[in-house]
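The next block holds one structure in the form of structure tokens; read it before the comments.
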Amino acid sequence: MGTIQALRGTRDILPEEVVYWQRVESVARDILGRAAYQEIRTPIFEETGLFERGIGEATDVVGKEMYTFLDKGERSVTLRPEGTAGVVRAAIEHGLYAQGGVQRLWYTGPMFRYERPGAGRQRQFHQIGVEVLGSPEPRADAEVIAIATDILQTLGLKNLHLDINSLGNRDDRLTYRQALVDYLTPYKAELDPDSQDRLSRNPLRILDSKDKRTQEIAENSPSILQYLGPDSKRHFEQVQQFLSDLGISYQVNPRLVRGLDYYTHTAFEVISDDGELGSQATVCGGGRYDGLLAELGGPDTPSVGWAIGLERLIILLQKLQSPPKFGLDFYVVSRGEKAEAQALLLTQKLRRAGFSLDLDLSGSAFKKQFARADKSGAVACLILGDEEAENQTVKLKWMATKEQQALSQIDLLAKTDELRRQIDSNCHHT
RNA sequence: GCGGGCGUAGCCAAGUGGUUAAGGCAGUGGAUUGUGAUUCCACCAUCCGGGGGUUCAAGUCCCCUCGUUCGCCCCA
């Protein structure tokens, strides 16, 4: 068009959609607040090395999806591709772990990954996430899952399921990895090309290949669960027990592996069964990352967390609910120089008194202004014309009944309590 | 990064080589300068995402490009 438009993979969230975002944020804020989680805000860009060390250089996220550039001081900086690394960095930097046992934190904001955009996948996308630092206990795993479940449920989402798995500790994983490679190597030629490549690079990921033949082969592969040591096994069993106690249904999916290197023990995903999201059906993903703080130079601090993909969540929400309505108290109609001036004043005064008012600024004919008043959804209409301006009065018209009364502007402002009651009783919006 | 679909006004959308690019919704102005509906009238794309090419002639064919969408990869 010759005009500038939003970059590929970025988009504007227009007022109509923003109401959903606000709803998600307020539900999450409320639930997290009651669970004693504190909000943390970290920078949107960080030193590149943080992500290389934290997420893992072998991962696709780090290897090919980061927005990395040199700033004017020749530092390599990266737009954060996820939230955990920054939160952990901040926790170490400020010694948050030292302030007694367990730190419960949450965050929200934009993340950046250079990848092919699609439905529910943007280059700039948004997450809300939690991190519980300092508890090795399975109860912590269960708590964060329960909170995620609560948020999604409160928002009214349906047709979601929870998959969980355990990746064990470092040793468990190494042993298993070898066993898996041993099993798969004889089939190498039959695997799809991607998986052949992954055999040496990241064999666990072969387990959730979409290729049919690869799936058949993976079907009979050894399960990670058979390779968990006694402690890992016990941890995983306890997490499951707690989830059952909490009434949260889940399924164990031994093929669930996550693409970020820092995960240990519990890994989980909340997945939508609706078709809306296509192949990007994971709404929430997370797990335990016991080694990450130490990896980044902090003290040994077992931790667990998750992130919800907001774009995906909101796609589901929009299919489910009509947008929340903004309840307007008054629509102000005025015509004539004096009346328009008085209307402006009266409007401001009523706004200060706590009412919501839309002042028609078009200057068009009364008929048009009334038509707009009708569409605005306002409970009542305030009308000022030459006559009212002359007498310092105003007409109050109830939209639902079309009843109309004249009263002095002073009276109107004097009886705001009564007005409030009348509006509330006339109010059909929720 | 790879493979397929799509791209006409704010939105939906007809049009498939031939004069001035249907229609609907929304919007704007008006039907004797003050009342929400309906109706009526007028206006609302010098242009079909952008660029190039083929042709006497292109929104309609070809190429490139941008965007979008589906699948793969990966992830939330």
Side-chain angles (χ1 to χ4, degrees), chain A residues 1-11 14 16 55 58-65 81-84 108 110-129 148 192-195 197-198 201-202 205-206 208-211 214 257-260 263 268-272 275 277-287 305-316 331 333-336 339 360 362-378 380-389 395 397-404:
Chain A
M1 268 192 199
T3 52
I4 296 175
Q5 34 190 298
L7 282 171
R8 180 171 170 80
T10 70
R11 52 184 218 107
L14 301 176
E16 198 184 0
I55 300 171
T59 63
D60 278 26
V61 168
V62 171
K64 49 188 226 196
E65 294 178 359
E82 54 96 58
T84 301
T108 186
M111 309 292 163
F112 305 85
R113 291 183 200 171
Y114 191 89
E115 49 189 349
R116 191 84 169 240
R121 160 175 288 171
Q122 243 67 46
R123 286 181 176 177
Q124 176 176 170
F125 63 103
H126 299 76
Q127 293 184 330
I128 182 163
D192 62 277
D194 279 325
S195 292
D197 189 43
R198 282 184 291 212
R201 217 181 67 246
N202 195 350
R205 291 226 60 92
I206 294 174
D208 58 15
S209 168
K210 302 277 198 308
D211 182 80
T214 303
V257 279
R258 319 222 67 243
L260 276 35
Y263 286 111
F268 62 91
E269 287 185 1
V270 179
I271 301 155
S272 168
L277 264 30
S279 58
Q280 323 303 328
T282 299
V283 170
C284 174
W306 49 250
I308 286 175
L310 259 13
E311 276 78 3
R312 292 177 190 180
L313 186 59
I314 278 155
I315 288 171
L316 295 177
Y331 191 91
V333 165
S334 61
R335 191 147 166 80
D360 191 304
S362 68
S364 50
F366 274 109
K367 187 182 172 83
K368 297 286 179 193
Q369 296 195 47
F370 277 106
R372 288 191 203 101
D374 192 33
K375 272 188 205 153
S376 76
C381 204
L382 291 173
I383 308 151
L384 279 104
D386 293 337
E387 193 184 311
E388 290 79 12
K395 285 201 174 110
K397 175 172 182 174
W398 299 99
M399 297 306 285
T401 60
K402 303 189 179 186
E403 278 167 32
Q404 185 170 309

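Owing to the predicted nature of the structure, the values given are computational and were not obtained by experimental measurement. The sequence lines fix the lettering, A, B, ..., with proteins before strands; numbering per chain opens at 1.
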Taking the P atom in each of B:U16 and B:U55, what is the distance between them to the nearest angstrom? 23 Å
Looking for any heavy atom pair under 4.0 Å, which part of the strands does A:Arg205 touch: base, sugar-phosphate only, or nothing? sugar-phosphate
Distance-only donor-acceptor test, A:Lys64 side-chain atoms vs B:G1 base atoms, 3.5 Å: no
Using the test side chain to side chain contact (heavy atoms under 4.5 Å, CB included), find all partners of A:Arg8 that sit at least two apart in sequence or belong to another chain. A:Arg116, A:Pro117, A:Arg123
Which protein N or O atoms sit under 3.5 Å from an N or O of nucleotides 64-68 of chain B?
{"from": "B:U68", "atom 1": "OP2", "to": "A:Arg8", "atom 2": "NH1", "distance (Å)": "3.1"}

Using a 4.0 Å heavy-atom cut-off across all strands, classify A:Leu310 as base, sugar-phosphate, or nothing. nothing
Counterpart residues, side chain to side chain contact (heavy atoms under 4.5 Å, CB included), relative to A:Ser195 (two or more places apart): A:Leu191, A:Asp192, A:Arg198, A:Ile206, A:Ser209, A:Thr214
Might you list the N or O atoms of the protein lying below 3.5 Å from N or O atoms in nucleotides 28-32 of chain B, with each pair's distance?
{"from": "B:U28", "atom 1": "OP1", "to": "A:Arg372", "atom 2": "NH2", "distance (Å)": "3.4"}

Under 4.0 Å, heavy atoms only, any strand: does A:Arg198 hit a base, just the sugar-phosphate, or nothing? sugar-phosphate
Closest approach to the side chain of A:Lys397, judged atom by atom: which nucleotide of B:C73, B:A76, B:U35 is it? B:U35
Distance-only, no hydrogens or angles: does the A:Arg312 side chain make a donor-acceptor pair with backbone N or O of A:Val283 under 3.5 Å? no
If you define the side chain from C-beta out and look only at heavy atoms, does anything of A:Glu82 sit under 4.5 Å from A:Arg113? yes
The side chain of A:Gln404 is closest to which nucleotide in this list: B:C72, B:U35, B:A76? B:U35
Taking the side chain as every heavy atom from C-beta outward, state whether A:Val333 and A:Lys397 have any pair of such atoms under 4.5 Å apart. no
Name the nucleic acid region contacted by A:Glu388, choosing base, sugar-phosphate or nothing; use a 4.0 angstrom heavy-atom cut-off, strictly under. base
Look at all strands and tell whether A:Met111 reaches a base, only sugar-phosphate, or nothing, counting heavy atoms closer than 4.0 Å. nothing
Please name the nucleotide paired to B:A42 by Watson-Crick or G-U wobble geometry with both distances under 3.5 Å, or report none. B:U28
Looking only at atom P, what distance separates B:G1 and B:G17, rounded to whole Å? 36 Å
Polar side-chain atom of A:Glu311 near backbone of A:His126 as donor-acceptor pair, under 3.5 Å: yes
Name all residues meeting the salt bridge (Lys or Arg N to Asp or Glu O under 4.0 Å) criterion together with A:Asp211; count only those two or more places apart in sequence or in a different chain, and write none if there are none. none
Against the side chain of A:Ala119, the closest entry in B:G34, B:C70, B:A76 is B:C70
Side chain of A:Glu65 (C-beta onward), nearest among B:A76, B:G34, B:C74: B:C74
Taking atom P in both B:U69 and B:U28, what distance in whole Å separates the two? 31 Å
Quick check: do A:Asp360 and A:Arg372 have side-chain heavy atoms less than 4.5 Å from each other? yes
Spacing of the C1' atoms in B:G51 and B:A42 (rounded, Å): 38 Å
Return the set of residues passing side-chain hydrogen bond (donor to acceptor under 3.5 Å, both in side chains) with A:Asn202 (not counting sequence neighbours), or none when no residue passes. none
Please figure out whether A:Ala371 or A:Glu82 has its closest RNA chain B nucleotide nearer the 5' end. A:Ala371
